[in-house]
Visitor: 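Questions regarding the structure given below will be posed in turn.
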Amino acid sequence: MQDTPFSDVTFIGPVEVHGIQKDDVSHRLNQPIANWQSANGVQLSFADQKVDIPGKLFRFHVEESIAAAVPGNANPLYTTIHEQDLIEELRKILDETILSNVNIKSLRARLEEEAGALNTKVSVIKISDHMGEGVVKRQSILSNAEIKIDGTSLSSWLESHSQVIIPAQDSFSFLELLNDEDPFLSNELLTKISSGIYEAILPTNIQIMERYIGKELPEGITAGFEARVVKEKMDLMLFNPNDSDITIQFDKVNNRTVEVSVLGIDLGNSYKVRFENKKTYEPKKIIQYQDNIKNVFSSERKGRKGSSVSVYRDEYNSQGERLKTTLIAEDFYLPVNEIIIRKIAYPETSETETTESQRSESEKIDGEVQGVVESEADQKDTIAEDSTELANGER
């Protein structure tokens, strides 16, 4: 090796070696290499999984880099990582089916290039960029759900919200999605749409950041799938943990039905929603007496059962083995009690008898009403006892 300094501005990797004798360049390079190997490395990501490739696995070829360096140029700092070491690290986040589709040669070259740059910040490399074109390049339907809404509201929504993109490793807010025309849409309609989105994303790895339910389960929504929205108060917020975008798509099925689909790259693992601890709570009848109604009795409000349920998400690998179970929510809804209106019936008697009869009937009614009130209070106490182990969800 000629012991002459590099002329002009010359780099080997990120290190400037201009004016340094070639025999001394190796000393100039060794310190930043040692610092990088001890403090940094390269991170690989696949979907929502990451693995750190430690700096100590990289071998730096200093003398070869110096010998090949051209004065006045930016020259590479040659590094290598053993293929088997890389494969062992990949197995920490990939099963064999996915691993078999990784272009190891391409990924090694990218890692070695990144290591030679000696970046002080940890670099993240997407494994999916080094897989076959047909394996992870196209989005497919990961899950879907259906919403039942009237035709006018459906058309209004689809005109401005046929598709929503949740960027890689970014969040989504349903309320932020609304535009200037959407204030005309009711909270009830928005709750149906957000509940459809929530139901569709549950069998995926999308994370729920914020979600609410009401005290009573809305018509047309299954317990466990409600995501209540109230403008400026209650939102549905999600997070995409993947290193690729997620698309939420709305498609009209008919005049009263819209399908919500979640599209993304199929990354091998699958997710299933499971309901546990299902319970129902019977409504009570509340009798009210009035003097100014025509019929002997009428139903003012129909009753509806209350319910509670625990919602779980199970994750499976490509071989169908369950990897993880996550409790997503514990939802509880009060029953809607039936209200029956009864007419007060007065017997045809003399004025004195009528007064006594009215007083007696009034005392009887007071007793019945008091009994109903006590019965309803007992019902709420019973439900409260049954639901002590259930969280009411975020309300």
Visitor: Please collect all side-chain hydrogen bond (donor to acceptor under 3.5 Å, both in side chains) contacts where either partner lies in residues 196-209, sequence neighbours excluded, each pair once.
Guide: D48-N205, N205-N242
Visitor: Is it the case that over 12 heavy atoms from other parts of the model lie below 6.0 angstrom from the NE2 atom of H82?
Guide: no
Visitor: Please walk me through it: do L44 and E89 pass side-chain contact (heavy atoms from CB on, under 4.5 Å)?
Guide: CA-CA 9 Å; L44 296 178; E89 295 299 319; 5.9 Å; no
Visitor: Can you see which heavy atom on S310 is nearest to which on N277, and at what distance?
Guide: OG-ND2, 3.1 Å
Visitor: Please answer: with hydrophobic residues joined when any side-chain heavy atoms are less than 4.5 Å apart, are V273 and Y316 in the same cluster?
Guide: no
Visitor: Show your working on side-chain contact (heavy atoms from CB on, under 4.5 Å) between K148 and R256 and close with a plain yes or no.
Guide: CA-CA 6 Å; K148 301 291 185 182; R256 296 185 60 84; 5.5 Å; no
Visitor: Is there side-chain contact between T79 and I81, with at least one heavy-atom pair below 4.5 Å?
Guide: no
Visitor: Can you tell me how far the OG1 atom of T191 sits from the CD1 atom of I221, to the nearest 0.5 Å?
Guide: 6.5 Å
Visitor: Does I246 reach the side chain of L238, with side-chain heavy atoms less than 4.5 Å apart?
Guide: no
Visitor: Would you please test I66 and L29 for side-chain contact (heavy atoms from CB on, under 4.5 Å) and show each step?
Guide: CA-CA 10 Å; I66 296 172; L29 291 171; 4.1 Å; yes
Visitor: Establish, from distance only, whether the side-chain atoms of Q319 and T97 form a donor-acceptor pair under 3.5 Å.
Guide: yes
Visitor: Which value, rounded to the nearest 0.5 Å, describes the distance between R28 atom CZ and I12 atom CD1?
Guide: 10.5 Å
Visitor: To the nearest 0.5 Å, what is the distance between CD1 on I166 and OG on S244?
Guide: 11.5 Å
Visitor: How far apart are the C-alpha atoms of S318 and D95, what are their side-chain angles, what is the distance that settles it, and do they pass the side chain to side chain donor-acceptor pair (under 3.5 Å) test?
Guide: CA-CA 8 Å; S318 58; D95 61 35; 2.7 Å; yes
Visitor: Got a donor-acceptor contact below 3.5 angstrom from the K279 side chain to the F332 backbone?
Guide: no
Visitor: Testing the basics here: between M209 and S171, what is the closest heavy-atom pair and its distance to 0.1 Å?
Guide: SD-CB, 3.9 Å
Visitor: Can you tell me how the ring of F225 sits relative to the ring of F275, calling it parallel under 30°, perpendicular over 60° and tilted otherwise?
Guide: tilted
Visitor: What are the two closest heavy atoms between F250 and I197, and how far apart are they?
Guide: CZ-CD1, 3.8 Å
Visitor: Give a yes or no on whether the backbone of N144 and the side-chain of S261 come within a donor-acceptor separation of less than 3.5 Å.
Guide: no
Visitor: Rounded to the nearest 0.5 Å, how far apart are CZ of R313 and CG of L327?
Guide: 11.5 Å
Visitor: Mind checking the CD-CG spacing from E216 to L334? Nearest 0.5 Å is all I need.
Guide: 7.0 Å
Visitor: Go through it in stages, so that I can follow the logic: the residues are S307 and K278, the test is side-chain contact (heavy atoms from CB on, under 4.5 Å), and I'd like the CA-CA distance, side-chain angles, deciding distance and then a yes or no.
Guide: CA-CA 7 Å; S307 62; K278 285 186 176 181; over 6 Å; no
Visitor: Are E338 and P283 packed together at the side-chain level, in the sense that at least one heavy-atom pair is separated by less than 4.5 angstrom?
Guide: no
Visitor: With clusters defined by side-chain heavy atoms of hydrophobic residues (ILVMFWY) lying less than 4.5 Å apart, directly or transitively, does I20 cluster with F11?
Guide: no
Visitor: For atom CZ of R59, decide whether the heavy atoms of other residues, nucleotides or ligands shown that lie under 6.0 angstrom number more than 12.
Guide: no
Visitor: Does L107 reach the side chain of I125, with side-chain heavy atoms less than 4.5 Å apart?
Guide: yes
Visitor: Would you indicate whether the side-chain heavy atoms of D314 and Y271 approach each other to under 4.5 Å?
Guide: no
Visitor: In this structure, are over 12 heavy atoms from other groups packed under 6.0 Å from K272 atom NZ?
Guide: no
Visitor: What are the two closest non-hydrogen atoms of I206 and P241, and how far apart are they?
Guide: CA-CD, 4.1 Å
Visitor: Classify the side-chain pair D243/S45 by whether it contains a donor and acceptor separated by less than 3.5 Å.
Guide: yes
Visitor: Do M234 and V229 have side chains that get closer than 4.5 Å, going by heavy atoms?
Guide: no
Visitor: Does the Lys NZ or Arg CZ of R274 fall within the cation-pi geometry relative to Y312 - under 6.0 Å from the ring centre and within 45° of the axis?
Guide: yes
Visitor: Quick one: does any side-chain atom of Q37 pair with a main-chain N or O of F58 as donor and acceptor, under 3.5 Å?
Guide: yes
Visitor: Does a side-chain N-to-carboxylate-O contact under 4.0 Å join R110 and E114?
Guide: yes
Visitor: Would you say L202 and I208 make side-chain contact, with heavy atoms under 4.5 Å?
Guide: yes
Visitor: State whether the side chain of R304 and the backbone N or O of E219 hold a donor-acceptor pair below 3.5 Å, judged by distance alone.
Guide: no
Visitor: Donor-acceptor pair, S65 side chain versus H61 backbone, under 3.5 Å?
Guide: yes
Visitor: How long is the gap from CZ on F172 to CG on D235, to the nearest 0.5 Å?
Guide: 8.0 Å
Visitor: Using atom types as modelled and distance alone, determine if a side-chain donor or acceptor of S106 lies under 3.5 Å from a backbone N or O of H130.
Guide: no
Visitor: Could you go through the salt bridge (Lys or Arg N to Asp or Glu O under 4.0 Å) check for K305 and E282 one step at a time?
Guide: CA-CA 5 Å; K305 291 181 179 180; E282 294 293 330; 3.3 Å; yes
Visitor: Determine, using the 4.5 Å side-chain heavy-atom cutoff (strictly less than), whether Y78 and I53 are members of one ILVMFWY cluster.
Guide: no
Visitor: Thinking salt bridges, do R211 and E226 make one under a 4.0 Å N-O criterion?
Guide: no
Visitor: Membership question, hydrophobic clusters at under 4.5 Å side-chain separation (ILVMFWY): are V122 and L118 in the same one?
Guide: no
Visitor: Does some side-chain heavy atom of L90 sit less than 4.5 Å from a side-chain heavy atom of F46?
Guide: no
Visitor: Quick one: does any side-chain atom of N240 pair with a main-chain N or O of P167 as donor and acceptor, under 3.5 Å?
Guide: yes
Visitor: Would a hydrophobic clustering, with Ile, Leu, Val, Met, Phe, Trp and Tyr connected at side-chain separations under 4.5 Å, put I104 with M131?
Guide: yes
Visitor: How close do Q249 and L263 get, counting heavy atoms only, and between which atoms?
Guide: CB-CD1, 3.9 Å
Visitor: Would you confirm whether D245, through its side chain, and A168, through its main-chain N or O, come within 3.5 Å as a donor-acceptor pair?
Guide: yes
Visitor: Search all heavy atoms of G72 against all heavy atoms of T10 and return the closest pair with its distance.
Guide: N-OG1, 2.7 Å
